[in-house]
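Structure in structure tokens, see below.
Excluded from the calculations below are hydrogen atoms, water molecules and symmetry mates; all remaining heavy atoms, backbone and side chain alike, are included.
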Amino acid sequence: MGIAIGAIVLLVTGWIFWQVDDWSRDFTTNHAQLDPAADDPLLRPVLAAESVGQLAARVLSFVETTPHWQVERQRGGPDGTELHLTRTTSLFRYVDDIQVRISPIDGGAQLDAESQSRLGKGDLGQNPRNLKELVRGIDGFPSLQEPR
């Protein structure tokens, strides 16, 4: 019995260490947002050659077909669409709030997003992973930016 518990603790600890991308950030920050200056192209705002409505539909389709994601609120107007999404982590069932803003720009729409953990001082890199998963999930749209 003791060996089994030790093995489980070792596996969970290993999984946590494997998830951490940036040791200087992931234990002290529980928030991430898309940034035009980000080194990782998946953490930059999305510039799409689609309308606000088309890009919002793509985001909603991603959420509806992806486990652990849910739409909490949707609001649209002449200045764009705002979505409040949540993502629940698999292991500990923590909920992260993802705010998505889709705004019209010349030639299409821009998607900005931020992810915030509800609990804890650090997120072990989950919030950047949430944003990357979102951007990957809506990939395939006509883009106004350089290929990722």
Open item on the list: With heavy-atom distances below 4.5 Å as the criterion, would you say the side chains of Val59 and Leu134 are in contact?
Closed with: yes

Task: Heavy-atom check, side chain of Thr66 versus side chain of Glu133, under 4.5 Å - done: yes

Task: Derivation and outcome, salt bridge (charged side-chain N to carboxylate O under 4.0 Å, His left out), residues Asp40 and Lys132 - done: CA-CA 9 Å; Asp40 187 336; Lys132 289 178 183 182; 3.1 Å; yes

Task: Carboxylate-amine/guanidinium contact Arg118 Asp96, below 4.0 Å - done: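 No salt bridge links Arg118 with Asp96.
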
- [ ] List for me each residue that meets salt bridge (Lys or Arg N to Asp or Glu O under 4.0 Å) alongside Arg75, sequence neighbours excluded, and say none if there are none.
- [x]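 Salt bridge (Lys or Arg N to Asp or Glu O under 4.0 Å) list for Arg75, sorted by chain: Glu82.
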
- [ ] Hey, could you give me each pair passing ring-ring contact (aromatic ring centres under 6.0 Å, His included) that has a residue in residues 41-86? Not counting sequence neighbours.
- [x]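 The answer is Phe62-Trp69.
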
Open item on the list: So does Ser61 get a backbone contact from the side chain of Thr65, meaning a donor-acceptor N/O pair under 3.5 Å?
Closed with: yes

TODO: Would you please say whether a donor-acceptor pair under 3.5 Å links the side chains of Ser103 and Gln110?
DONE: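 Gln110 and Ser103 do not have a side-chain donor-acceptor pair below 3.5 Å.
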
- [ ] State whether the side chain of Thr89 and the backbone N or O of Tyr94 hold a donor-acceptor pair below 3.5 Å, judged by distance alone.
- [x]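 Yes; judged by distance alone, with no hydrogens or angles, the pair exists.
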
Task: Non-hydrogen side-chain atoms of Leu42 and Leu34 separated by less than 4.5 Å - done: no

Open item on the list: When you compare the side chain of Leu111 with that of Ile138, does any pair of heavy atoms fall below 4.5 Å?
Closed with: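 Yes. Closest side-chain heavy atoms under 4.5 Å.
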
Open item on the list: For Asn30 and Gln116, which I'm curious about, is there any donor-acceptor pair between the side chains at under 3.5 Å?
Closed with: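 On atom types as modelled, these side chains qualify, holding a pair under 3.5 Å.
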
Open item on the list: Is there a path of hydrophobic side-chain contacts, each under 4.5 Å between heavy atoms of I/L/V/M/F/W/Y residues, joining Val71 to Ile102?
Closed with: yes

Task: Among Thr86, Asn127, Asp97, the one residue meeting side chain to side chain donor-acceptor pair (under 3.5 Å) with Ser115 - done: Asn127

- [ ] Apply side-chain contact (heavy atoms from CB on, under 4.5 Å) to Val100 and Leu85, showing your working.
- [x] CA-CA 8 Å; Val100 176; Leu85 312 174; 3.8 Å; yes

